[in-house]
Protein chains: 4
Amino acid sequence: MNLSLDLDSEVPIYQQIRDRIVEAIACGEAREGDPLPSTRQLAADFGINFHTVNKAYDLLRHQGVIRINRKSGAVIRRDAASGPPEAGFTDDWEERMRVLLAEATVHGLDRDEVVRRCETLLEGFRS
Amino acid sequence: MNLSLDLDSEVPIYQQIRDRIVEAIACGEAREGDPLPSTRQLAADFGINFHTVNKAYDLLRHQGVIRINRKSGAVIRRDAASGPPEAGFTDDWEERMRVLLAEATVHGLDRDEVVRRCETLLEGFRS
Amino acid sequence: MNLSLDLDSEVPIYQQIRDRIVEAIACGEAREGDPLPSTRQLAADFGINFHTVNKAYDLLRHQGVIRINRKSGAVIRRDAASGPPEAGFTDDWEERMRVLLAEATVHGLDRDEVVRRCETLLEGFRS
Amino acid sequence: MNLSLDLDSEVPIYQQIRDRIVEAIACGEAREGDPLPSTRQLAADFGINFHTVNKAYDLLRHQGVIRINRKSGAVIRRDAASGPPEAGFTDDWEERMRVLLAEATVHGLDRDEVVRRCETLLEGFRS
DNA sequence: GTGGTCTAGACCACG
DNA sequence: GTGGTCTAGACCACA
């Protein structure tokens with residue numbers, strides 16, 4: 001897994017880590033059962049504080065994406081093949097999607113264009 | 001326009017205001033040329049500080065969604081019918097969409113289900 | 001003289017009026033001794049408050065560009081042919097020019113390009 | 001970097017801060033990658049509120065002059081050597097230059113004198 | 001009456 | 001220790 005972070009972005013680093021890992025799983029680059037780098041390892045690679053990585057992993061754990069063993073470190077717990085989403089996820093997700101689509105609409109992105117772009121992006125996640 | 005805010009949300013209030021206004025425009029509830037409530041008025045309505053509203057309006061102005069006139073306050077400047085998006089918008093938007101779609105994929109939302117939900121949401125924006 | 005104002009600009013209207021009149025004089029469209037429209041006339045033309053026009057004229061009077069007679073209204077008092085600037089003008093002007101040139105430099109506008117553009121603009125003021 | 005502010009000026013303090021920083025970069029006193037003082041530090045130095053500095057930094061960030069990092073504070077992002085200006089900058093800049101040159105013309109500053117002063121000022125920005 | 005500026009101070013998020 | 005958010009209130013600029 002090859003993560004790329006922008007330390008100067010306005011997006012918090014811990015969230016970028018989360019986003020990149022989620023994308024990697026969506027792409028099929030990482031699957032259920034695969035191990036993640038140790039927090040200290042990842043922190044060292046990017047020259048960031050390991051607490052930051054910790055926070056990202058904690059977020060992912062909270063969202064049910066990974067599980068953390070004291071011994072074997074972080075392991076991916078779910079991917080596209082792990083079944084339907086947990087209760088509550090979809091509503092929250094749809095709310096965020098609603099805002100994003102509203103934004104596209106207001107800025108004049110054509111409805112079909114939007115759907116096409118979504119389909120293309122999803123196609124990139126076909127494992 | 002009827003905005004609803006959650007003052008206890010982790011989402012900053014000024015961003016909620018922005019989101020609600022963008023949604024209202026996408027829905028066709030508000031159109032190009034329509035006036036927005038004055039900053040102090042809106043602040044009073046929600047029991048929040050007018051600086052917070054100010055920040056939301058400033059954000060919308062920077063994004064080209066509204067224009068601000070010393071005399072008549074804030075006015076909607078663009079809606080779905082105002083033409084194609086400005087340069088740079090689409091790339092940024094797609095990046096955010098990519099993350100959101102990756103998240104759906106990882107949590108097991110079916111690809112077709114995702115597209116269907118997007119289409120439904122967009123349908124709701126048909127004015 | 002054909003003034004064009006943008007009522008939604010972030011630049012105050014009274015200053016836009018001032019700017020347009022100064023430009024008109026620089027272009028040679030208006031000369032020393034020429035009358036300006038009455039404040040009420042100008043206000044009516046643009047649908048703005050006549051106090052706003054008043055403020056613009058007052059500014060111009062203060063800067064020595066026009067003089068105001070109760071009877072004959074506002075009249076242009078100086079143009080390019082009226083001799084050298086008053087004491088104090090040049091220093092203040094250069095200070096503003098300094099900032100503007102610094103901005104161009106920082107944003108990567110080539111030094112020669114800047115001078116060329118200035119010359120072109122000045123050429124447009126040759127009466 | 002040694003900034004000097006006039007707290008009694010009619011020019012907003014946050015804009016003076018912006019102007020001084022832009023000038024410092026133009027002069028070569030500060031370059032791409034150089035850190036700026038923290039908002040609270042700078043505010044303390046001048047006896048002003050940190051929100052005021054915040055606004056200045058925010059302006060500079062929006063104009064692409066600095067980037068802001070949660071950890072290391074504000075850092076200069078562009079200087080004269082960072083390539084050509086972004087789209088839209090030059091038009092806006094020329095519009096302001098037009099007004100400034102018109103003013104010089106009306107006040108009787110000789111055309112050659114104006115160009116000479118511009119060249120001298122630009123010479124001062126040669127790092 | 002509108003928004004803009006500045007001050008002051010509290011609390012939180014990030015790293 | 002850094003910036004970000006929010007509140008509260010004063011005063012000014014603009015129209």
Side-chain angles (χ1 to χ4, degrees), chain A residues 5 7-17 43 46-56, chain B residues 5 7-17 35-43 46-59 61 66-75, chain C residues 5 7-17 43 46-56 59, chain D residues 7-17 35-43 46-59 61 66-75:
Chain A
L5 303 181
L7 301 185
D8 293 318
S9 165
E10 59 179 4
V11 179
I13 295 176
Y14 79 93
Q15 196 178 321
Q16 290 186 54
I17 297 174
F46 287 108
I48 59 180
N49 195 303
F50 93 98
H51 286 115
T52 306
V53 182
N54 243 331
K55 182 158 186 175
Chain B
L5 303 180
L7 301 186
D8 296 323
S9 165
E10 60 179 359
V11 179
I13 297 176
Y14 76 87
Q15 198 177 319
Q16 290 185 53
I17 296 174
L36 263 57
S38 83
T39 51
R40 282 163 168 92
Q41 182 60 51
L42 217 169
F46 287 110
I48 59 179
N49 194 279
F50 85 94
H51 285 120
T52 306
V53 182
N54 233 330
K55 184 157 187 176
Y57 279 16
D58 218 49
L59 235 184
R61 197 192 55 185
I66 68 175
R67 63 188 138 88
I68 294 178
N69 186 305
R70 273 174 240 271
K71 183 155 69 177
S72 40
V75 173
Chain C
L5 303 181
L7 301 186
D8 294 318
S9 165
E10 59 180 4
V11 179
I13 295 176
Y14 79 95
Q15 196 178 320
Q16 290 186 55
I17 297 174
F46 288 107
I48 59 181
N49 195 302
F50 93 98
H51 287 115
T52 306
V53 182
N54 242 332
K55 182 158 187 176
L59 233 182
Chain D
L7 302 185
D8 296 324
S9 166
E10 60 179 359
V11 178
I13 297 175
Y14 77 88
Q15 198 176 320
Q16 290 185 54
I17 297 175
L36 263 56
S38 82
T39 51
R40 282 163 168 93
Q41 182 61 50
L42 216 169
F46 287 110
I48 59 179
N49 192 280
F50 86 94
H51 284 119
T52 306
V53 182
N54 233 330
K55 184 157 187 175
Y57 279 16
D58 218 49
L59 236 184
R61 197 191 56 185
I66 68 175
R67 62 188 139 88
I68 295 177
N69 186 304
R70 274 174 239 270
K71 183 154 70 177
S72 41
V75 174

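Values below: all heavy atoms of this structure, side chains included; hydrogens, waters and symmetry mates excluded. So that the names make sense, note that chain A is the first sequence line, chain B the second, and so on, each numbered from 1. Quick caveat: nothing in here was measured; it's all calculated off a predicted structure.
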Task: Nearest-Å distance for atom pair CZ/P, residues F50(D) and dT5(F) - done: 11 Å
TODO: Let me know, please, whether L7(B) or A74(D) comes out on the 5' side of the other along DNA chain F by nearest nucleotide.
DONE: A74(D)
Task: Distance test, side-chain N/O of T52(B) to OP1/OP2 of dT7(F), below 4.0 Å - done: yes
TODO: Consider the side chain of R70(B), meaning its heavy atoms from C-beta on, and name the nucleotide among dT5(E), dC14(F), dT7(E) that approaches it most closely.
DONE: dC14(F)
- [ ] Answer yes when R61(D) and D58(D) have at least one side-chain N-carboxylate O distance shorter than 4.0 Å, and no when they do not.
- [x] yes
Open item on the list: Rounding to an integer number of Å, can you tell me how far L59(D) CG sits from dC6(E) P?
Closed with: 11 Å
Open item on the list: Distance check needed: dT5(F) C1' versus D58(D) CG, whole Å only.
Closed with: 13 Å
Open item on the list: What I'd like to find out is whether the side chain of L42(D) reaches to under 4.5 Å of the side chain of Y57(D), using heavy atoms alone.
Closed with: yes
Task: Rounded distance (Å) that lies between atom P of dA15(F) and atom CD1 of I68(B) - done: 14 Å
- [ ] Kindly point out which of dT5(E), dA15(F), dT7(F) is positioned nearest to the side chain of P12(C)?
- [x] dA15(F)
Open item on the list: Output the rounded distance in Å from OH (Y14(C)) to P (dA15(F)).
Closed with: 8 Å
Task: Nearest heavy atoms of Y14(A) and T52(A), plus distance in Å - done: CB-O, 3.6 Å
Open item on the list: When you measure from the side chain of N69(B) to the backbone of V75(B), do you find a donor-acceptor pair of N or O atoms at a distance under 3.5 Å?
Closed with: no
Task: Atom-to-atom span, CG of D8(D) to P of dT7(E) - whole angstrom - done: 11 Å
Open item on the list: Here's a test of your reading of the structure: between N49(A) and Y57(B), which maps to the more 5' nucleotide of DNA chain E?
Closed with: Y57(B)
Task: Any N54(B) side-chain nitrogen or oxygen under 4.0 Å from OP1 or OP2 of dG4(E) - done: yes
- [ ] Between I13(C) and G47(B), name the one whose nearest nucleotide on DNA chain F is closer to the 5' end.
- [x] G47(B)
- [ ] Rounded to the nearest 0.5 Å, what's the gap from CZ on R70(B) to CG on L7(C)? Could you check?
- [x] 12.0 Å
Open item on the list: Heavy-atom nearest nucleotide on DNA chain E for G73(B) versus I48(D): which residue maps closer to 5'?
Closed with: G73(B)
Open item on the list: Please determine whether a side-chain nitrogen or oxygen atom of K55(D) lies at a distance below 4.0 Å from atom OP1 or OP2 of dT5(E).
Closed with: yes
- [ ] Mark yes or no for a side-chain to base donor-acceptor pair under 3.5 Å between R40(D) and dG4(F), with no hydrogen or angle criteria applied.
- [x] yes
Open item on the list: Taking 4.0 Å as the cut-off, does a side-chain nitrogen or oxygen of K71(B) come that near to OP1 or OP2 on dG3(E)?
Closed with: no
Task: Integer-rounded Å distance: dC14(F) P and L5(C) CG - done: 15 Å
Task: Taking every non-hydrogen atom, the tightest pair across Q15(C) and V11(C) - done: CB-CG1, 4.2 Å
TODO: Compare all side-chain heavy atoms of I17(A) with those of I48(A) and state whether any distance is below 4.5 angstrom.
DONE: yes
TODO: Go ahead and write out DNA chain E as dot-bracket, 5' to 3': ( ) for pairs within the strand, [ ] for ones crossing earlier pairs, | when the partner sits on another strand, dots for unpaired; Watson-Crick or G-U wobble, both distances under 3.5 Å.
DONE: ||||||||||||||.
Task: Under 3.5 Å donor-acceptor, R67(D) side chain and E10(A) backbone - done: no
- [ ] Please state how far atom CZ in R61(B) lies from atom C1' in dG3(E), giving the value in whole angstrom units.
- [x] 10 Å
Open item on the list: Can you say whether a donor on the side chain of H51(B) sits under 3.5 Å from an acceptor on the base of dG4(E), or the other way round?
Closed with: no
